[in-house]
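Heads up, the thing below is written out as structure tokens.
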Amino acid sequence: MVRSLAAAVVGMLIAALAVLAPGAAVAAPSPDHVAAAARGFVYGYSPVAMARTRALTLCGTGGTNVFLNLPVTANPLFRAVVAPNAETLYSTAYLDLRDGPVTLSYPPTGGRYVVFQFLDMYSNVIDNAGTRVDGPGGATVTLVPPGYAAPVPGRRIESTTWDLWVLGRTLVGGGGVDPQALQSGYRIGVNRAPVAGATPRLHQQSCSLVSPQNLVSAGAGFFDELADVLAADPPPPADAAVLADLASVGVTPGSHPSTTGDVAALAAGAGGGNAIVDNAEGVLRPVGSWRTSDLAGVYGTDYLLRAFFTKVGLGANVLEETRYYRATTDAAGAPLVGGRSYTIHLPPGNPLVPVDLGRAGWWSVTVYDPDGWLVPNIVLRYSYGTDIEPLVRNPDGSVDITVGAVPSLAPNWLPAPAGGFQLIFRQYIPTDTGWAPPPILPA
């Protein structure tokens, strides 16, 4: 399916180029080269988005190996990363391991949910620290660069790339230590030591660069950004086939293919690859009204799944930590629109959703616009779930969540925009990964 879609997109792009360049004034690029560039764009979607997000983060922190703690939960003004949850305080940092291993520590959580997720520059999850893995008593972990063998403080985590993203989440609801006080106790320190085989540092892009969510607008320049990541954070041997594709159109580690490669093929391939990612909803497995994947955060060579997760929810964690369900249609298959009203009926249970309450697990359902951003509303409510706001139960203990744009007198009203929207249901520390959210029933 993906290859047939790619072939169709490539054909249309080459035809468009021929119209724009009548006669022999500009030669149309080779279809094979356009197809290779399109595959390269899909492959590079995540690392380029990661590099851009890193650049913007460093503009806020002033450098690597420094935490940026957000003291409030995400709201409609938050545009750093698509589809943020609305229940946690985010802590973010980019680590550079070229000067030595980096140690992260956090204090006892008092039973509050905390997780620190470690992602390589290709958006794969290397490991997690926090409530689920280390318990509520606080912990120390050390990230070590590729090939580093010396002893380090705390639990050792082997990195697959020289640059890493640390994404921390501290739940606001529930009891325990004050969440902002917890954030103030998060620490990062560099264990300076000689490191063999260190790669060139990743280029720091301009703080005014275009959005990490709009990669195709760079055209052939997208591949310059990818070449920089390939040099700074070499990919695994399993990626050899797509790296050969990229080399065939002039994209090699550290190169500047927008001026030295097959520029026409790269520009066409960027458009074709972006269309493939935009139409990749089918990489998620349907479960009733929802779609999900068991492979979030651990993508291997499934580059399209990786790219699609980057597009709709960069920073997705592994199944053991978080299960994600996404919905853009109701139980009848009709697109979700705020002009209608919908009900999600959760049967009675304690908990209502299978999460590990003993390890501070929790759940939420959140409304986003079609692009994955939180939507302004008159009651400043963006989600419902565990400890977010008291849920009104039916006499039998079940819960009905009403979703729609028109203010509702029904309990548990979750506002939606007037037009199209999407829902994301999250389980943090799920105890039953075979469970799925109830159907989204139109009124």
Side-chain angles (χ1 to χ4, degrees), residues 83-88 113 169 171 173 281-297 308-309 312-313 316-338 340-357 361-370 372 374-375 381-394 396-404 408 410-416 420-443:
N85 75 58
E87 301 81 38
T88 71
Y113 176 86
R169 302 172 178 89
L171 185 64
E281 183 80 25
V283 298
L284 302 182
R285 172 170 56 86
V287 185
S289 305
W290 307 82
R291 287 182 174 270
T292 190
S293 173
D294 298 335
L295 302 177
F308 189 72
F309 261 101
V312 302
N317 215 330
V318 292
L319 178 62
E320 294 83 3
E321 190 74 38
T322 315
R323 163 74 92 175
Y324 306 90
Y325 297 89
R326 180 172 182 261
T328 57
T329 60
D330 63 22
L336 298 175
V337 290
R340 300 196 67 176
S341 182
Y342 304 89
T343 299
I344 301 171
H345 177 77
L346 294 165
N350 188 25
L352 284 166
V353 173
V355 295
D356 191 340
L357 297 180
W362 56 284
W363 64 273
S364 68
V365 58
T366 309
V367 172
Y368 301 94
D369 70 15
L374 296 170
V375 180
R381 183 183 300 129
Y382 313 111
S383 61
Y384 264 117
T386 308
D387 292 328
I388 299 166
E389 191 169 319
L391 287 161
V392 178
R393 293 194 179 230
N394 300 320
D396 66 353
S398 64
V399 165
D400 291 314
I401 297 175
T402 301
V403 186
S408 173
N412 314 317
W413 171 54
L414 186 53
F421 68 93
Q422 58 177 301
L423 294 169
I424 295 181
F425 204 116
R426 295 172 170 92
Q427 288 172 278
Y428 284 84
I429 317 185
T431 55
D432 179 2
T433 55
W435 179 88
I440 302 167
L441 302 174

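Count residues from 1 along the sequence.
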Would a distance-only check, ignoring hydrogens and angles, find a side-chain to backbone donor-acceptor pair under 3.5 Å from [X] to [Y]?
{"X": "Arg285", "Y": "Asp294", "result": "no"}
{"X": "Arg169", "Y": "Thr88", "result": "no"}
{"X": "Ser364", "Y": "Ser383", "result": "no"}
{"X": "Asn394", "Y": "Asp396", "result": "no"}
{"X": "Gln422", "Y": "Asp369", "result": "yes"}

Quick check: closest heavy atoms across [X] and [Y], and the distance to 0.1 Å?
{"X": "Gly420", "Y": "Pro370", "result": "O-CD, 3.3 Å"}
{"X": "Pro351", "Y": "Leu357", "result": "CB-CD1, 4.0 Å"}
{"X": "Trp413", "Y": "Gly404", "result": "NE1-O, 3.0 Å"}
{"X": "Ala316", "Y": "Ala296", "result": "CB-CB, 4.2 Å"}
{"X": "Leu284", "Y": "Phe309", "result": "CD2-CE1, 3.8 Å"}
{"X": "Pro347", "Y": "Pro438", "result": "CD-CG, 4.4 Å"}

How long is the span from the [atom1] atom in [X] to the [atom2] atom in [Y], to the nearest 0.5 Å?
{"X": "Asp356", "Y": "Tyr428", "atom1": "CG", "atom2": "OH", "answer": "15.5 Å"}
{"X": "Glu281", "Y": "Thr329", "atom1": "CD", "atom2": "OG1", "answer": "8.0 Å"}
{"X": "Tyr384", "Y": "Leu391", "atom1": "OH", "atom2": "CG", "answer": "7.0 Å"}
{"X": "Asp400", "Y": "Leu441", "atom1": "CG", "atom2": "CG", "answer": "9.0 Å"}
{"X": "Arg323", "Y": "Ser293", "atom1": "CZ", "atom2": "OG", "answer": "7.5 Å"}
{"X": "Leu352", "Y": "Thr386", "atom1": "CG", "atom2": "OG1", "answer": "7.5 Å"}

Any side-chain heavy atom of [X] sitting closer than 4.5 Å to one from [Y]?
{"X": "Leu346", "Y": "Trp363", "value": "yes"}
{"X": "Ile429", "Y": "Glu321", "value": "yes"}
{"X": "Gln427", "Y": "Asp432", "value": "no"}

Among Leu414, Thr402, Leu423, Asp330, side chain to side chain contact (heavy atoms under 4.5 Å, CB included) partner for Tyr342: Asp330
Determine, stepwise, if the pair Leu374 / Thr366 fulfils side chain to side chain contact (heavy atoms under 4.5 Å, CB included). CA-CA 8 Å; Leu374 296 170; Thr366 309; 3.6 Å; yes
Fit a plane to each ring of Phe425 and Trp290, take the angle between them on a 0 to 90° scale, and name the class: parallel (under 30°), tilted (30 to 60°) or perpendicular (over 60°). perpendicular
